[in-house]
Amino acid sequence: MINITFPDGAVRQYEEGITSLDIAKKISEGLARKILAAEVNGEVWDLSRPLRTDATLKFLTWEDEKGKSTFWHSSAHLMAEAVEDAFPGAKFWVGPPVERGFYYDIDLGENVISESDLEKLEKKMSELARQNNPYIRKEISKSDAIKYFEDKGDEYKLDLLSGLQDGTISFYTQGNFTDLCRGPHIPSTGLIKGIKLTSIAGAYWKGNEHNKMLTRIYGVTFPNQKELEEYLVFLEEAKKRDHRKLGKELELFTFSEKVGSGLPLWLPKGAMLRERLQQFLQKAQIEAGYLPVITPHIGSKSLYITSGHYEKYGADSFQPIKTPVEGEEFFLKPMNCPHHIEIYKASPRSYKDLPLRLAEFGTVYRYEQSGELHGLTRVRGFTQDDAHLFCMPEQVKDEFKKVIDLVLYVFKSLGFTEYTAQISLRDQVDRSKYIGTEKNWDMAELAIIEATREKGMNTIIEYGEAAFYGPKLDFMVRDAIGRKWQLGTIQVDYNLPERFDLIYIGEDNARHRPVMIHRAPFGSMERFIAVLTEHCMGKFPMWLVPVQVKILPISDKYMEYAENVCAELKNEDIRAEIDERSEKIGKKIRDTELAKIPIMLIIGEKEVNDQVVSLRRQGKGDEGSKTVKEIIDMIHQEVKNKK
RNA sequence: GCCAAUUUAGCUCAGGUGGUAGAGCAGCACCCUCGUAAUGUGCAGGUCGUUGGUUCGAAUCCAAUAAUUGGCUCCA
């Protein structure tokens, strides 16, 4: 008999060799139907694997992340079976679960697959799922495994095998499909009910662009049809919020093939929105002791040689701008820091000047790969809400903490209440991509870790995510439908001060090296506005929305009164417009609702007689008569509270 | 940059198998002067992304190129 310990601490005895599925069945049939895998001594196991020693046991269901991953991994095998059926001779690389679903990288040989094939594959998968084939695990010797895939002619699996040790190799078979796999898997295909193949992509074998491109098929599955439908609704919801669609509809920005791809053109409404955001941050920064600076859009090549950007990105960037002078070259600035450094160097600095906080909404240009461009979130020209803080080493932590406060204030003001902070450190193994000394890096990394700890922040650490000159603290916000976006960043930098030989005179009258902090709470205005648009579905808060009030006269007869009301609002710095078209009120209301303008003031005979307006709020309907003064106070209040 | 796909009027989209384009909305004009999500009538609007090829003839077939989309790689 063996002792099995459950998560609640209960210990029960079972005969040796019992499977977790049998244990579940003894507890209840309902449980046995629901569970997908078992966590045995912290390791995820097949339910059918016999337990031979004392162990802790936790049943994994769809509600557990690990249960979901197992489910999706098994779904990847199911998809592979369907693909092999449709494309005999297909060779399979790996098929892991991902955050939302799974994929499988496949070499289809001469065959090409397009989105239209996905529906057929889905049907086949459903058919195979209904057969309710068990996933059968089989331990196999390395030599037998190699022979199996040699016979199949699958060089990818042979490559995988070459990295595995004999005695640790297992095959899984369901129906007609057998795959090299560590497992674990769900008991059988019948558990997979809702199936959706979402997209096709090319993916390099082993992620290396010199290797062959495999076909990657993405999918997502669910244990019931209802959850699939909810997921499809989520996709629809995401589509509705897409900032590219809303940006067009709300006339915020556009692109022109002639201007160039990845170079956004801000339309008047978008520009007004963006300027208001800038004013908001500028005000907060002035209160926090930042000083504004303005620098040009280009800089000489030598500047970027000194900074290290040329060596790192020169070849993959916009190429130099030449001048009539032989050998003279300028680059579009990809970063504002070197320019700000030169401002620091413009005069001798004393410890009394520090921290020196230089801020600029600086537009930078980076030649992003064509396939990477995406709406406003990934562009080739964008404006960073940049600032560089030059401080003494002993000030770093305090300054860093102040920046954290500023970033969180910005998020809160814009309705991003949920965020995660990621500490991005060097790659633990490959140090070749970084500049600077080991000592400087250690100091910088420690400063971030300590500052976040002292702030009591929840952080996650990611290795290999640092910038090439220093570690970062990246902020990820969660939007209204649960998606994560990376926004602000704070970076500690001991390296650029050294490369530019920055100094300050200390209290001891000696020369010392300052430390730089790079920071951008929004990240970039473009990206931030994209995220904000998707977060609020284009219904911007009162303080930001381009048009706050639309005045809707019932007919032309009330136009004069409408104009008086409009003038009164404008006089109070309220952004108001009149719908002067001779349309019916229903039509005007509909158009204003669709334009997502928060306040509608309807004016007819009754309002003129009573010297009031009829208030209607976007998405809410008629809210009755109000005086213009009441409307003004209401809007001012909402603007003030950043509602 | 790579894989797959898309590109037709300002917007959203129709246009088997080749015979030089069509709808709805938006716009403009007229009618209406209207009470809380689309009044009606009419008009105008397109080198079918671009360039080349095949053909008597190309939105349609082929090639190149550009932009866009979903991924991969990248992201100072």
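Letters A, B, ... are given to chains in the order of the sequence lines, protein chains preceding strands, and every chain is numbered from 1. Bear in mind the structure is a predicted one, so any value in this text is a computation, not a measurement. Values below: every heavy atom of this structure, side chains too, minus hydrogens, waters and symmetry copies.
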inquiry  = Output one letter per nucleotide in nucleotides 28-41 of chain B: B when a protein non-hydrogen atom lies under 4.0 Å from the base, S when only the sugar-phosphate is that close, - when neither is.
reply    = ----BBBBBBBS--

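- The aromatic rings of Tyr304(A) and His339(A) sit tilted relative to each other, their planes meeting at an angle between 30° and 60°.
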inquiry  = Reading 5' to 3' and counting Watson-Crick or G-U wobble pairs with both distances under 3.5 Å, write the dot-bracket notation for RNA chain B, | for bases paired outside the strand.
reply    = (((((((..((((.....[..)))).((((.........)))).....(((((..]....))))))))))))....

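- Taken residue by residue, residues 374-387 of chain A places heavy atoms nearer than 4.0 Å to RNA chain B at His374(A), Gly375(A), Arg378(A).
- The ring pair (Phe, Tyr, Trp, His ring centres under 6.0 Å) search around Trp485(A) returns none, not counting sequence neighbours.
- Here, U8(B) and G49(B) have their P atoms 6 Å apart, quoted to the whole Å.
- Sequence neighbours left out, not one pair with a member in residues 595-614 of chain A passes side-chain hydrogen bond (donor to acceptor under 3.5 Å, both in side chains).
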Do any N or O atoms of the protein come closer than 3.5 Å to N or O atoms of nucleotides 42-47 of chain B, and which pairs are they?
none

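- When rounded to the nearest whole Å, the span between CG of Leu487(A) and P of C75(B) equals 20 Å.
- Remark: Phe102(A) pairs with no residue by the ring pair (Phe, Tyr, Trp, His ring centres under 6.0 Å) rule, at least two apart or across chains.
- At whole-Å resolution of the value, NE2 in His388(A) and P in A76(B) are 13 Å apart.
- Computed from coordinates, the Glu368(A) CD to U68(B) C1' distance equals 17 Å when rounded to whole Å.
- Aromatic ring pairs are classed by plane angle as parallel below 30°, tilted from 30° to 60° and perpendicular above 60°; the pair Phe92(A) and Tyr104(A) is perpendicular.
- Leu332(A) places its CG atom 15 Å from the C1' atom of A76(B), with the value rounded to the nearest Å.
- Sorted by first then second residue, the salt bridge (charged side-chain N to carboxylate O under 4.0 Å, His left out) pairs that include residues 294-316 of chain A, not counting sequence neighbours, are Lys301(A)-Glu329(A).
- Note: CD (Glu465(A)) to C1' (C74(B)) measures 12 Å, nearest angstrom.
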Close N/O contacts between protein and nucleotides 7-14 of chain B (under 3.5 Å):
from, atom 1, to, atom 2, distance (Å)
U12(B), OP1, Lys248(A), NZ, 3.4

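- Here Phe318(A) and Tyr367(A) bring their ring centres to under 6.0 angstrom of each other.
- In this structure, Arg519(A) does not pair ionically with Asp386(A), as no charged nitrogen and carboxylate oxygen lie closer than 4.0 Å.
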Between the protein and nucleotides 2-5 of chain B, list the N/O to N/O atom pairs that are separated by less than 3.5 angstrom.
from, atom 1, to, atom 2, distance (Å)
C2(B), O4', Tyr204(A), OH, 3.2
C3(B), O2, Gly202(A), N, 3.1

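- Between Arg378(A) and Glu368(A), at least one side-chain nitrogen of the basic residue sits less than 4.0 Å from a carboxylate oxygen of the acidic one, meeting the salt-bridge criterion.
- In summary, Glu623(A) and Arg616(A) do not engage in a salt bridge, as defined by a charged side-chain N under 4.0 Å from a carboxylate O.
- A66(B) atom P lies 13 Å from atom CG of Leu373(A), rounded to whole Å.
- C31(B) and G10(B) have their P atoms separated by 28 Å, with the value rounded to a whole Å.
- Across all strands, Tyr103(A) comes closer than 4.0 Å to no nucleic acid atom at all (heavy-atom distances).
- Taking the ring axis of Phe522(A) as reference, the NZ or CZ atom of Arg527(A) does not stay both within 45° of it and closer than 6.0 Å to the ring centre.
- Nucleotide G70(B) holds its P atom 11 Å from the NZ atom of Lys239(A), rounded to whole Å.
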message = Apply salt bridge (Lys or Arg N to Asp or Glu O under 4.0 Å) to residues Arg357(A) and Glu399(A) and explain how you reach the verdict.
response = CA-CA 10 Å; Arg357(A) 310 179 185 93; Glu399(A) 278 304 302; 2.9 Å; yes

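- Remark: Tyr218(A) is in phosphate contact with C72(B), judged by side-chain N or O atoms under 4.0 Å from OP1 or OP2.
- Within residues 257-264 of chain A, the residues having any heavy atom under 4.0 Å from RNA chain B are, by residue number, Glu257(A), Ser261(A), Gly262(A).
- For the side chain to side chain donor-acceptor pair (under 3.5 Å) test, no residue two or more places apart in sequence or in another chain qualifies with Tyr494(A).
- In this structure, NZ of Lys245(A) is placed 19 Å from P of C25(B), rounded to the nearest angstrom.
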